[in-house]
Enquirer: 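Have a look at this one before I ask anything.
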Amino acid sequence: MAVKMRAPEATVPDVIDPTRVPVHVACVMDGNGRWASERNMVRTEGHAAGEQALVDTVDAALELGIKWLTVYAFSTENWRRPISEVRYLMNFNERLLLRRRDELSAKGVRIRFVGRRDWRIPRRLLARIEETEEMTAGNDVLTLSIAFNYGSRAELVDAVKALNAEGVEPSEEAISARLYDPTMPDVDLWIRTSGEHRISNFLLWQSAYAEFVFVDAYWPDFGRTQMVEAVAEFQRRDRRFGGL
Ligand code: IPE
Ligand code: IPE
Ligand code: MG
């Protein structure tokens with residue numbers, strides 16, 4: 001059994017009020033291809049460079065005391081990409097899990113997946129996903145939820161189908177309870193990198209009252225500094241939830 005060490009404690013930067021840290025931060029990890037193209041590299045090298053950004057972002061979340069982090073790794077629309085890039089991403093995500101899961105687990109990170117677990121995902125990757133979820137199920141410092149073959153519309157369709165099959169009356173609670181991860185809290189802070197200002201089918205239901213922050217940096221250039229800045233921006237917002 002790996003020895004559990006706690007996340008690097010304390011040094012929450014002065015700009016952050018530790019009593020008002022968002023519970024759930026969601027991240028669209030976008031801009032890998034452009035990051036690579038601007039460096040005359042192939043697109044896939046941009047995905048590879050994004051791995052460090054993910055690790056740094058998780059470390060920043062641990063440092064700030066964020067409890068849930070959901071990252072968009074592969075959308076239901078990303079199947080439209082050339083088969084070579086899709087294949088690369090399947091392999092890359094499998095290798096990334098194998099490379100990183102022990103160190104993440106040692107930091108107390110529980111890893112979960114949200115998305116449609118269908119035949120399009122290679123069997124080997126599905127097996128790694130299930131293994132990783134089991135391996136880290138007992139961790140409770142941070143939940144890293146990886147959105148893979150994820151699309152909000154598919155998720156809502158699947159939830160409505162489940163309601164129908166069970167003959168349950170639709171309600172907000174009944175729908176929430178049938179999403180891919182019913183224990184996922186609502187998103188407080190929703191971040192997208194790469195300067196694009198769109199949602200791209202990511203956590204529509206869960207982000208009904210999220211604060212949106214759009215960052216110009218490409219994903220491989222995202223890290224602790226940008227995460228702290230996004231949380232500081234979140235803390236400057238006035239959340240009203242329809243009230244006054
Ligand atoms: C995000 O980077 C990663 C995935 C969608 C898997 P992109 O691959 O979308 O990079 P850009 O947006 O083309 O630069
Ligand atoms: C969203 O990025 C999906 C992920 C980051 C995994 P895309 O690059 O696929 O989104 P669009 O196509 O620009 O909307
Ligand atoms: Mg993109």
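Whatever order the structure lists ligands and atoms in, that order sets their numbers, starting from 1.
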Enquirer: Strictly distance-based, threshold 3.5 Å: is any side-chain N or O of Trp35 a donor or acceptor partner for the main-chain N or O of Tyr218?
Expert: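 Side chain of Trp35 to backbone of Tyr218: no pair is present.
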Enquirer: Parallel, tilted or perpendicular, judged at 30° and 60°: which one describes the rings of Tyr150 and Tyr72?
Expert: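 Answer is perpendicular, since the angle exceeds 60°.
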Enquirer: Check for me whether Ser194 has a heavy atom closer than 4.0 Å to any atom of ligand 1.
Expert: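 No, Ser194 has no heavy atoms under 4.0 Å from ligand 1.
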Enquirer: If we ignore hydrogens and angles and just use 3.5 Å, is the side chain of Asp221 paired with the main-chain N or O of Ala217 as donor and acceptor?
Expert: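 The answer is no, because no donor-acceptor pair under 3.5 Å joins these two groups.
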Enquirer: As an exercise, identify every atom of ligand 2 less than 4.0 angstrom from a heavy atom of Arg198.
Expert: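 It comes down to these atoms of ligand 2: 11 (P), 13 (O), 14 (O).
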Enquirer: Salt-bridge test for Arg128 and Glu94: reply yes if a basic N is under 4.0 Å from a carboxylate O, no otherwise.
Expert: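 Looking at Arg128 and Glu94, the cut-off is met.
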Enquirer: Based purely on interatomic distance, does Asn32 place a nitrogen or oxygen under 3.5 Å from a nitrogen or oxygen of ligand 1?
Expert: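 N/O-N/O distance below 3.5 Å exists for this pair.
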Enquirer: Quick check against the 3.5 Å criterion: does His24 have a side-chain atom that pairs as donor or acceptor with the backbone of Trp68?
Expert: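 No, because the side chain of His24 does not come within donor-acceptor range (under 3.5 Å) of the backbone of Trp68.
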Enquirer: Looking only at protein heavy atoms, which one is nearest to atom 13 (O) of ligand 1, and what is the separation?
Expert: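 For atom 13 (O) of ligand 1, the nearest protein heavy atom is Arg43 NH1, 3.0 Å.
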Enquirer: Check each of Glu77, Glu196, His47, Arg81 against atom 9 (O) of ligand 1 and report the one with the nearest heavy atom.
Expert: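 Residue with the shortest heavy-atom distance to the ligand atom: Arg81.
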Enquirer: Which residue supplies the protein heavy atom nearest to atom 10 (O) of ligand 1, what is that atom called, and how far is it?
Expert: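 Ranked first by proximity to atom 10 (O) of ligand 1 is Gly33 N, 2.9 Å.
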Enquirer: Answer yes or no for Met29: is there a heavy-atom contact with ligand 2 below 4.0 Å?
Expert: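 Flag set, Met29 near ligand 2.
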Enquirer: Would you mind telling me if ligand 2 is within reach of the side chain of Phe74, the backbone, both or neither, using heavy atoms under 4.0 Å?
Expert: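 For Phe74, the contact with ligand 2 is made by the backbone alone.
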Enquirer: Should Ser75 be counted as touching ligand 2, given the test is an N or O pair under 3.5 Å?
Expert: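 Between Ser75 and ligand 2 (N or O atoms, distance only) the closest approach is not under 3.5 Å.
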Enquirer: Short list, please: which atoms of ligand 2 are under 4.0 Å from a heavy atom of Val28?
Expert: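 Near Val28, the atoms of ligand 2 are 1 (C), 5 (C).
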Enquirer: Could you tell me which N, O or S atom of Asp30 is nearest to the Mg ion (ligand 3)?
Expert: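 Minimum-distance N/O/S atom of Asp30 relative to the Mg ion (ligand 3) is OD1.
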Enquirer: Arg192 near ligand 2, heavy-atom distance under 4.0 Å?
Expert: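 Yes, that is the case, since the closest heavy atom of the residue is under 4.0 Å from the ligand.
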Enquirer: Would you call Asp158 and Arg116 a salt bridge, using N to O less than 4.0 angstrom?
Expert: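 Salt bridge present between Asp158 and Arg116.
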Enquirer: If you round to the nearest 0.5 Å, how far is CZ of Arg124 from CG of Leu98?
Expert: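 Atom-to-atom, Leu98:CG and Arg124:CZ are 9.0 Å apart.
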Enquirer: Which residue holds the protein heavy atom closest to atom 14 (O) of ligand 2, what is that atom called, and what is the gap in Å?
Expert: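 In this structure, atom 14 (O) of ligand 2 has Ser200 OG, 2.6 Å as its nearest protein heavy atom.
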Enquirer: Answer with side chain, backbone, both or neither: which part of Ser37 has a heavy atom less than 4.0 angstrom from an atom of ligand 1?
Expert: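 The answer is neither; Ser37 stays 4.0 Å or more away.
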Enquirer: Check ligand 1 against Ala73 and write out every atom of the ligand that is under 4.0 Å from a heavy-atom position of the residue.
Expert: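 Near Ala73, meaning under 4.0 Å from one of its heavy atoms, ligand 1 has 6 (C).
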Enquirer: Mark yes or no for whether Arg239, through its side chain, and Tyr209, through its backbone, hold a donor-acceptor pair below 3.5 Å.
Expert: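 Yes, because the side chain of Arg239 sits within donor-acceptor range (under 3.5 Å) of the backbone of Tyr209.
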Enquirer: Salt bridge or not for Arg236 and Glu211, using N-O below 4.0 Å?
Expert: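 Salt bridge absent between Arg236 and Glu211.
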Enquirer: If you measure from each heavy atom of Arg34 to ligand 2, is any distance below 4.0 Å?
Expert: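 Arg34: no contact with ligand 2 (<4.0 Å).
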Enquirer: Taking Arg39 first and then Glu45, would you say they form a salt bridge - that is, a charged N and a carboxylate O separated by under 4.0 Å?
Expert: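 The answer is no: the pair does not qualify as a salt bridge.
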Enquirer: Does ligand 2 have a heavy atom under 4.0 Å from the side chain of Ala147, from its backbone, from both, or from neither?
Expert: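 Neither; nothing of Ala147 gets under 4.0 Å from ligand 2.
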Enquirer: Check this for me, if you would: do Arg192 and Asp30 make a salt bridge, where the nitrogen-to-carboxylate-oxygen distance has to be below 4.0 angstrom?
Expert: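 Yes, Arg192 and Asp30 are salt-bridged.
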